[in-house]
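Note sheet for the following structure.
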Number of protein chains: 2
Amino acid sequence: MRITLNDVAKRAGVSRNTVSLVVNGKYDKVKEETRERVEDVIQEMGYVPNFAARQLTGKRTKTLGVILPPLRNAFSFYNMSEMSSGISDAAGAQGYNLMFFVCNERFKQGLNIRLLKDSRIDGGLILDNGRLVIHNIEELERDEIPFVILNYRLERPKTNYVAIDKEHGSYLAVKHLIDLGHRRIGFINGSLPQHIEERFYGYRRALDEAGINLDPECVVTVTEGWVEKTGYEAADMLLELPQPPTSIVTSSDLIAIGVYKRLKEKGLRVPEDISVIGYDDIPIARYQDPPLTTIRQPYYDLGVKAVDILMRFIKNRDQKSVHESIKPILVNRASCSYPPR
Amino acid sequence: MRITLNDVAKRAGVSRNTVSLVVNGKYDKVKEETRERVEDVIQEMGYVPNFAARQLTGKRTKTLGVILPPLRNAFSFYNMSEMSSGISDAAGAQGYNLMFFVCNERFKQGLNIRLLKDSRIDGGLILDNGRLVIHNIEELERDEIPFVILNYRLERPKTNYVAIDKEHGSYLAVKHLIDLGHRRIGFINGSLPQHIEERFYGYRRALDEAGINLDPECVVTVTEGWVEKTGYEAADMLLELPQPPTSIVTSSDLIAIGVYKRLKEKGLRVPEDISVIGYDDIPIARYQDPPLTTIRQPYYDLGVKAVDILMRFIKNRDQKSVHESIKPILVNRASCSYPPR
DNA sequence: TTGAAAGCGCTACCAC
DNA sequence: GTGGTAGCGCTTTCAA
């Protein structure tokens, strides 16, 4: 049996009450000498307060709940690990710990969201990978659980989110190419509902601004996900066009790497024959040959910001809900140049 | 106020007891019809059991505690993210969630280890980055909290650990070079107490087996950590030897990359002039020029295995303690070749 | 099958 | 400053 307050009190010859005061640092209400004795006993017996009991009386838990998306190898993904790092650094700085709710299917993720109501946490962070189950979100609102959604814009009056402005990211990429003189720009888009729209809008806006007509042939929307194979295959489609693009904007670095591969096979040089631009700035981007120009998504900052917002709501629930965007930035390396001739 | 068992019972016109039975799936003790009514009410009111209260009665929490090392950006490190992925996949598969105890200093890590006793978790996983505070470990033993240490060998009769056999890793690396014909092999070692010893032993063993005398000059033990700068500087020391080595074994891929850099500056080609071998197999290793031959450390598997062991102890505390090693493997790419001439 | 009552370990409030 | 008492929401006896 674990040591309880009672055990400590008995051994120290004081009441439970007194021990509780000592444990909670309310030293002004306990005689110095008593306090020391109690502390000695605590040390000696290795007493640690029972968290469940403490929670039951309605205290803050000093822990944040994190809902993971249904994903194997979750922490091995660049965006997940960066967000988690940001979250844990920011939470840790305020003395908060993290409860990660794990799931292997979307169904489970919905259940986990409900679990945020189960009293172990002071607030929740919901990490999205593009297919968020918003199923139980309204329950959270109803019960006034403070929570923030990361990486997905859920436009509800009582819901907070922080997301990366992917429209702006695509815009930056295309703008960069246009500035270099490109007029025919291929675009390989991903497959996640919200993300692909935003990315496409950015592509279109940059084109519009430059007075370039959008040629639908230049836009490939893939269904396989943000992996090398996707880029490899999409590159083919673009290259086989009657008038192939002089540059390719992708929606992930992995896709760009796939494009590289196909280009090399076809004897095309990057960036002399064709420019390529990635998205994400995962660590391997700068080690490509040539080093990949790409759009960095500040996922770490996203995590930090989400915690900041959440903390505000934990401290005071009566706040206007927050819908915030973080702007990605262009990382200029060596995969883009002037169009040939 | 959150919905409680009582609220549900009242609304459904039954006793708390009955609702509890339904919530816990003990359907054989409740009339079919009653059960349905109760379930409807639960759904309708959005009732979620209070976890704290449940815990207080001594139930399993179905959550595992994870003690993080004192590290900023923790999840951005290859080994941490891989271990975390392994842990979360394995825990999730058994319906377990994870409580991450965050810390920014060693002192805090010790406190967190004590927190494993606070009743929110069924067992603990302690992740080491080489400087484990074993301070409160004995308290865990005394209170019979099931726990497993990852990535550090703590030889205590009641402590479980899973670690990577780093001795074997170094051995593999050196052996590989010897098999290629190298006789003079530089070794850049890291700075973490336990790890450097193991790595050095592996280096020595391979040399011994081949009947090569160990020249202390060839061994550089760095203090700066496993980063590029370290490799860059250490390479210099090795190169300036009266008789420089024909190959270099490193203790991290990052160090190897630093070595690459210095070698290139000096006009030395890898592997024609000098062979280099990394350690870790982080994702960028294969994108180096030339692709880095390295020792893969299966951290994901380490996480999975740790959870397996922990689960055994949770289910039955009377087990012989487990001290287990996982063997790294050689990933043969293009940075090693025969010695010049 | 259902209901009443005790108790998990703690905090908070009350007198002393 | 200190000690008693109630009660947080649930599970688990034990009776009905």
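Note that the structure is a prediction, hence the values are computed from the model and not measured. So that the names make sense, note that chain A is the first sequence line, chain B the second, and so on, each numbered from 1.
Taking atom CD1 of A/Ile3 as the reference point, atom P of C/dC10 lies 11 Å away to the nearest angstrom. Atom-to-atom, CG of A/Leu21 to C1' of D/dG3 comes out at 11 Å; the value is rounded to the nearest Å. The nearest whole Å value for the distance from the CD atom in A/Gln55 to the C1' atom in C/dC8 is 14 Å. Separating the CZ atom of A/Arg60 from the P atom of C/dT11 is a distance of 16 Å, rounded to the nearest angstrom. Distance, B/Arg35 CZ to C/dT1 C1': 15 Å, rounded to whole Å. The CG-P distance, from A/Leu5 to D/dG3, rounds to 13 Å in whole Å. Rounded to an integer number of Å, the gap from CG of B/Asn50 to P of C/dC10 is 16 Å. Note: CG (B/Asp118) to P (C/dG9) measures 14 Å, nearest angstrom.
Of all heavy-atom pairs spanning B/Ile121 and B/Leu64, the tightest one is CG2-C, 3.9 Å. The two residues B/Val162 and B/Lys305 come nearest to each other via the heavy atoms CG1-CG, 4.0 Å.
Residue order along DNA chain C, read from the 5' end via each residue's closest nucleotide, puts B/Thr57 first among A/Thr57 and B/Thr57.
For DNA chain D, none of the residues of residues 36-46 of chain A falls under the heavy-atom distance limit of 4.0 Å. Of all the residues in residues 9-17 of chain A, A/Arg16, A/Asn17 reach under 4.0 Å from DNA chain C with at least one non-hydrogen atom. In the region residues 24-31 of chain A, proximity to DNA chain C at under 4.0 angstrom, judged on heavy atoms, holds for A/Asn24, A/Lys26.
By the ring-ring contact (aromatic ring centres under 6.0 Å, His included) test, A/Tyr161 is found to be paired with A/His323, residues two or more places apart in sequence or in another chain being considered. In this structure, the side chain to side chain donor-acceptor pair (under 3.5 Å) partners of B/Arg156, at least two apart in sequence or on a different chain, are B/Glu141.
Between A/Tyr47 and C/dG9, a side-chain N or O to OP1/OP2 separation shorter than 4.0 Å is absent. Of the side-chain N and O atoms in A/Thr18, one or more sit less than 4.0 angstrom from OP1 or OP2 of D/dG3. Listed pair B/Ser20 / D/dT11 meets the phosphate criterion, a side-chain N or O lying under 4.0 Å from OP1 or OP2.
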When the side chains of residues 70-87 of chain B are checked against the rest of the protein, which donor-acceptor pairs come out under 3.5 Å, sequence neighbours left out?
from	atom 1	to	atom 2	distance (Å)
B/Arg72	NH2	A/Tyr300	OH	3.3
B/Asn73	OD1	B/Ser76	OG	3.3
B/Ser76	OG	A/Glu82	OE2	2.7
B/Ser76	OG	A/Ser85	OG	2.9
B/Ser81	OG	B/Phe77	O	3.2
B/Ser81	OG	B/Tyr78	O	3.1
B/Glu82	OE2	A/Ser76	OG	2.7
B/Ser84	OG	B/Met80	O	2.8
B/Ser85	OG	A/Asn73	O	3.2
B/Ser85	OG	A/Phe75	N	3.0
B/Ser85	OG	A/Ser76	N	3.1
B/Ser85	OG	A/Ser76	OG	2.9
B/Ser85	OG	B/Ser81	O	3.3

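Across all strands, B/Thr34 comes closer than 4.0 Å only to sugar-phosphate atoms, never to a base (heavy-atom distances).
In this structure, a donor-acceptor pair under 3.5 Å is absent between the side chains of A/Thr63 and A/Asn97.
The local environment of CD in A/Glu33 is sparse, with at most 12 non-hydrogen atoms from other residues, nucleotides or ligands closer than 6.0 Å.
Classification of A/Glu138 and A/Arg142 as a salt-bridged pair fails, no side-chain N sitting under 4.0 Å from a carboxylate O. Between B/Arg114 and B/Glu139, at least one side-chain N (NZ, or NE/NH1/NH2) sits under 4.0 Å from a carboxylate O, which counts as a salt bridge.
Counting only distance, with no hydrogens or angles, the side chain of A/Asn136 and the backbone of A/Gly110 share a donor-acceptor pair below 3.5 Å. Here the side chain of B/Asp143 pairs no donor or acceptor atom with the backbone of B/Ile145 at under 3.5 angstrom.
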Between A/Tyr96 and A/Ile314, does a side chain to side chain contact (heavy atoms under 4.5 Å, CB included) hold up when you go through it step by step? CA-CA 12 Å; A/Tyr96 272 70; A/Ile314 288 173; 4.0 Å; yes
